[in-house]
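Beneath this line is the structure, given in structure tokens, with notes to follow.
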Amino acid sequence: MINKNDCMKNSIKQLFRKKWMSILFFCIIMLGTVFFTLGCSLWMGVQDSINRMKDTFTTIGTVTQKPDNIVTEKRWDAALKKYKIKESSNYTQILDVDILNNLDIVYMHKLEKRSFYGAVSPDFITGYGASGGTNGNAMVMEFSPLKDCVPNGPVEVEVKKIYWGDSEPSLVGQTVLFCDHYKKNPQPLESGKRYIVFSMMNFMDQHSEEGGDIEYVPESILLGKDQVLDWGEMEKDFWNTDKGTIWKNFIYEINRLSCKTAPVTPTGSTELLNPFHNGRAMVTEGEDICAEEYRDGSKVCLISQTFAELNNLQVEQKIKLQMYFTDDKYSTTAGRISSGGMFRIDTLSPEGENYDIFYEADYMIKGIYSRQSTGGENLDDFAPDEIIIPSASVPEEKVRNVIAEGPMQGYNASFQIENGGINDFYKEFSKLPESSLLEITFDDKGYERFASQMNNMQTIAIIIFLVGFVSVAASSAFLLYSSIIKQRKRTAIERALGMSRRECRASLLTGIMLLTIIAACVGGTIGGITNEKMLNTASLEEDYFSSMYSKGIAGNKDEEMSITVNQNIVRNSIVFAVSAEVLGVFAMSLFLIGRNLKVNPIQLLGVREEE
């Protein structure tokens with residue numbers, strides 16, 4: 001009986017008798033394992049990156065209804081002494097959100113058209129109110145002309161009283177220029193009489209190219225869709241007249257708007273708001289409103305950092321929101337005052353009355369967000385004191401006092417679809433008869449590019465994997481043919497000398513497996529090191545995606561989207577590649593040796609071995 005050590009020695013001796021074949025086999029197995037490991041590691045790394053980043057990307061679509069009509073407006077210009085013709089876009093119909101929501105599309109969040117509410121509260125004031133309410137560019141003033149005149153050009157008037165918008169220093173008692181610039185035949189002014197007007201500085205249509213003194217131009221106050229309130233004489237007992245009552249209501253309203261009113265934006269998801277989606281806003285204190293709170297209409301809100309500091313508001317503190325008007329047309333930035341508060345002239349009812357509160361509730365501050373303004377008039381921006389609440393927190397049947405209605409615009413109409421679903425969306429969207437009236441703009445935070453590059457990397461990984469697999473399979477077949485199939489006579493001799501089947505297996509298998517294990521381990525190690533060095537030295541300029549603000553949470557600022565070196569993946573790929581290769585060779589060897597052992601030794605010894 002031959003012991004195990006003799007079997008091992010015999011097996012190794014057989015390998016050294018054909019050392020060039022063994023060296024070639026070792027090199028092929030090692031290189032094959034390098035590619036095998038590299039392909040596995042790269043593929044696993046790509047999958048890991050995709051899994052890590054799939055929740056970081058969001059695909060948001062904004063909807064803008066295109067104008068389908070042109071309106072021509074004729075307006076008098078006192079400087080030019082003629083009418084100016086102005087063309088503006090108009091809409092003959094307002095499309096409903098259900099047009100898109102009924103498409104056969106998988107929505108993460110269906111299209112919402114966001115109105116915003118004007119809300120007051122005993123718990124806060126605006127930045128304008130905190131500053132003392134000085135302005136100077138626009139004001140409600142009581143004035144008296146220095147002499148009889150017609151204000152079809154700049155005339156001097158004395159400011160008697162300012163009800164809103166005084167400047168610093170005060171204009172009361174000062175002489176300013178007044179011109180009813182956009183009316184061809186304005187009413188005359190009489191010295192000694194008093195007049196009331198809501199006026200704005202005229203920076204645009206000046207009376208000379210050199211500019212010079214700035215004139216104040218009257219603005220009409222809107223009462224519903226078809227009525228206006230113009231400037232006029234303050235007759236005897238003016239404040240007790242119908243006209244005086246409307247002016248009193250307007251003065252109250254414009255002070256309420258600028259000093260006490262904050263815009264409240266209802267939404268179904270923070271991500272649907274452009275500043276949060278593109279990173280210009282992020283929650284810095286507390287937490288974002290969660291999906292369940294949005295769905296259930298919880299009484300929670302997000303407020304801006306400047307607004308919180310101004311009013312000494314903290315996370316988890318409650319504030320009472322008293323909503324009294326609804327705007328379905330304009331952006332919250334369209335009528336904002338830069339320091340906080342609103343400025344607009346359309347918030348009286350058609351009867352000239354102030355709107356009452358239509359809904360009030362206590363909202364807990366869930367989070368405080370910081371905002372970055374783009375500067376200028378970007379309608380996607382947040383107002384300085386904008387408050388975010390769940391849409392479902394205000395019952396739909398309670399909403400009223402709509403002061404403006406308009407079509408879907410990019411700043412107030414958005415939806416979310418699955419990442420990678422843009423092409424499917426456009427296929428369905430193109431079937432709509434109204435598709436020509438709508439403009440859809442998508443922002444997926446670079447997902448399409450990321451996914452494309454990840455797919456390319458996976459393809460490369462599969463090719464490298466297949467190269468390694470084919471190399472290993474071919475080299476294994478070559479070795480096994482030389483070491484087992486062509487060694488049938490050796491097996492017959494060993495059996496004739498009294499070796500058992502188990503000892504014959506050990507004699508053939510030991511050398512093969514020893515060489516395979518060493519080559520596979522060396523190749524796996526080299527493959528892992530190569531993969532690590534490739535990823536460390538690869539330029540990230542084109543394959544870098546920042547998730548700094550993607551979720552609107554400050555804690556994500558250090559996270560980068562790239563195929564990073566994950567030591568667990570490298571180790572797992574080495575273990576997988578080496579184990580798969582060793583087990584594969586072991587299984588094939590057992591199968592072929594088993595076939596050899598089934599043949600009668602006498603029969604094998606009687607057959608001349610093929611050269």
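- In this structure, the ring of Phe143 has its center less than 6.0 angstrom from the ring center of Phe178.
- Gln65 contributes a side-chain N or O that, together with a main-chain N or O of Leu95, makes up a donor-acceptor pair within less than 3.5 Å.
- In this structure, Ser331 contributes its side chain and Leu379 its backbone to a donor-acceptor pair below 3.5 Å.
- Met364 places none of its side-chain heavy atoms less than 4.5 Å from the side chain of Cys301.
- Atom NZ of Lys66 has more than 12 heavy atoms from other residues, nucleotides or ligands within 6.0 Å.
- Interatomic distance, NE2 of His277 versus CG of Leu272, reported as 9.5 Å (0.5 Å rounding).
- Here the two rings, on Trp239 and Tyr163, have centers that are under 6.0 Å apart.
- Side-chain contact between Arg344 and Phe325: present, with at least one pair of heavy atoms (C-beta onward) separated by less than 4.5 Å.
- Annotation: side chain of Trp247 is not in contact with side chain of Tyr252 (no heavy-atom distance under 4.5 Å).
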Could you walk me through whether Tyr363 and Ser298 pass the side-chain hydrogen bond (donor to acceptor under 3.5 Å, both in side chains) test, one step at a time? CA-CA 8 Å; Tyr363 282 76; Ser298 300; over 6 Å; no
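- Pro263 and Thr332 make their closest contact through CB-CG2, 3.9 Å (heavy atoms, listed as atom of the first residue, atom of the second, distance).
- Looking only at distances, a side-chain donor or acceptor of Asp77 sits under 3.5 Å from a matching main-chain atom of Ala79.
- The backbone N or O of Lys299 sits nowhere less than 3.5 Å from a side-chain atom of Ser393 that would complete a donor-acceptor pair.
- Contact of the Val63 side chain with the Lys113 side chain is not registered, since no non-hydrogen atoms from C-beta on lie closer than 4.5 Å.
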Could you go through the side-chain contact (heavy atoms from CB on, under 4.5 Å) check for Met282 and Ser370 one step at a time? CA-CA 6 Å; Met282 61 178 181; Ser370 63; 3.8 Å; yes
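- A donor-acceptor contact closer than 3.5 angstrom links the side chains of Ser349 and Glu351.
- Asn401 places a side-chain N or O within 3.5 Å of a backbone atom of Asp356 that can act as its donor or acceptor partner.
- Counting all heavy atoms, side chain and backbone alike, Met200 lies closest to Ala138 at CG-CB, 3.8 Å.
- Tyr369 and Phe307 have their aromatic ring centers separated by at least 6.0 angstrom.
- Counting heavy atoms from C-beta outward, Phe415 and Lys110 have side chains that stay 4.5 Å or more apart.
- Under a 3.5 Å cut-off, the side chain of Ser121 and the backbone N or O of Lys320 do form a donor-acceptor pair.
- Residue Arg194 forms a side chain to side chain contact (heavy atoms under 4.5 Å, CB included) with just one option from Lys160, Glu158, Glu233, and that option is Lys160.
- Aromatic rings from Phe276 and Phe382 are positioned such that their centres are separated by under 6.0 Å.
- Taking every heavy atom of both residues into account, Ala308 and Ile303 meet most closely at CB-CD1, 3.6 Å.
- Cation-pi check for Arg256 over Tyr355 is not met; the charged atom does not lie both under 6.0 angstrom from the ring centroid and within 45 degrees of its normal.
- Side chain of Thr326 to backbone of Val402: no donor-acceptor contact under 3.5 angstrom is found.
- Taking the six-membered ring where tryptophan is involved, the planes of Phe343 and Trp164 are essentially parallel, since the angle between them stays under 30° and well short of 60°.
- By the 30° and 60° cut-offs, the orientation of the rings of Phe429 relative to Phe425 is parallel.
- A donor atom on one side chain and an acceptor atom on the other are not found under 3.5 Å apart for Arg371 and Thr306.
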Mind running side-chain contact (heavy atoms from CB on, under 4.5 Å) on His109 and Ile417 for me, showing each step along the way? CA-CA 7 Å; His109 293 286; Ile417 60 173; over 6 Å; no
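- Within the 4.5 Å cutoff, no side-chain heavy atoms of Pro266 are placed close to those of Glu112.
- Residue Met342 comes nearest to Thr261 through the heavy atom pair CE-CG2, 3.1 Å, listed as atom of the first residue, atom of the second, then distance.
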Apply side-chain contact (heavy atoms from CB on, under 4.5 Å) to residues Thr265 and Leu273 and explain how you reach the verdict. CA-CA 10 Å; Thr265 298; Leu273 305 176; 4.3 Å; yes
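- The environment of Glu316 atom CD is sparse: at most 12 non-hydrogen atoms of other residues, nucleotides or ligands sit within 6.0 angstrom.
- For NZ of Lys243, the number of neighbouring non-hydrogen atoms (other residues, nucleotides, ligands) closer than 6.0 Å is greater than 12.
- Defined by atom type and a distance below 3.5 Å, a donor-acceptor pair is missing between the side-chain atoms of Thr175 and Glu156.
- For the pair Gln314 and Ile365, the minimum side-chain heavy-atom distance is 4.5 Å or more.
- In the model, Gln409 has no side-chain atom that pairs as donor or acceptor with a side-chain atom of Thr64 under 3.5 Å.
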Are Thr333 and Asp381 close enough, and set up right, to give a side-chain hydrogen bond (donor to acceptor under 3.5 Å, both in side chains), and what steps lead you there? CA-CA 7 Å; Thr333 63; Asp381 274 347; over 6 Å; no
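- Distance alone, capped at 3.5 Å, is enough to place a donor-acceptor pair between the Asn255 side chain and the Ile251 backbone.
- In this structure a side-chain-to-backbone donor-acceptor pair under 3.5 Å is present from Asp327 to Tyr330.
- At a cut-off of 3.5 Å, with distance as the only test, no side-chain donor of Asn69 or Thr92 sits close to an acceptor on the other residue.
- Not a single donor-acceptor pair under 3.5 Å links the side chain of Asp166 to the backbone N or O of Ser170.
- A donor-acceptor contact under 3.5 angstrom links the side chains of Tyr294 and Thr270, judged on distance only.
- Between Met323 and Ala119, the shortest heavy-atom contact is CG-CB, 3.9 Å.
- Taken to the nearest 0.5 Å, the CG atom of Asp443 stands 7.5 Å off from the OG1 atom of Thr58.
- A donor-acceptor contact under 3.5 angstrom links the side chains of Glu253 and Tyr324, judged on distance only.
- For Tyr411 and Phe116, the ring centers are positioned 6.0 Å apart or more.
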Output, in order, the C-alpha distance, side-chain angles, deciding distance and verdict of side-chain hydrogen bond (donor to acceptor under 3.5 Å, both in side chains) for Ser115 and Asp328. CA-CA 4 Å; Ser115 304; Asp328 192 48; 2.6 Å; yes
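- With contacts defined as side-chain heavy-atom distances shorter than 4.5 Å, the pair Glu73/Glu87 does not qualify.
- Heavy-atom minimum distance, Ile125 versus Leu310: O-CD2, 3.6 Å.
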Evaluate the criterion side-chain contact (heavy atoms from CB on, under 4.5 Å) for residue pair Leu100 and Ile440; output intermediate values, then yes/no. CA-CA 11 Å; Leu100 293 183; Ile440 312 296; 4.0 Å; yes
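- Under the 6.0 Å cut-off for aromatic ring centres, Tyr216 and Trp231 do not qualify, their centroids lying 6.0 Å or more apart.
- Taking the six-membered ring for Trp and the full ring otherwise, the centers of Phe250 and Phe198 sit less than 6.0 Å from each other.
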Show your reasoning for whether side-chain hydrogen bond (donor to acceptor under 3.5 Å, both in side chains) applies to Glu215 and Asn202. CA-CA 6 Å; Glu215 65 185 19; Asn202 180 12; 2.8 Å; yes
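- No hydrogens or angles considered: nothing links the side chains of Thr126 and Asp385 as a donor-acceptor pair under 3.5 Å.
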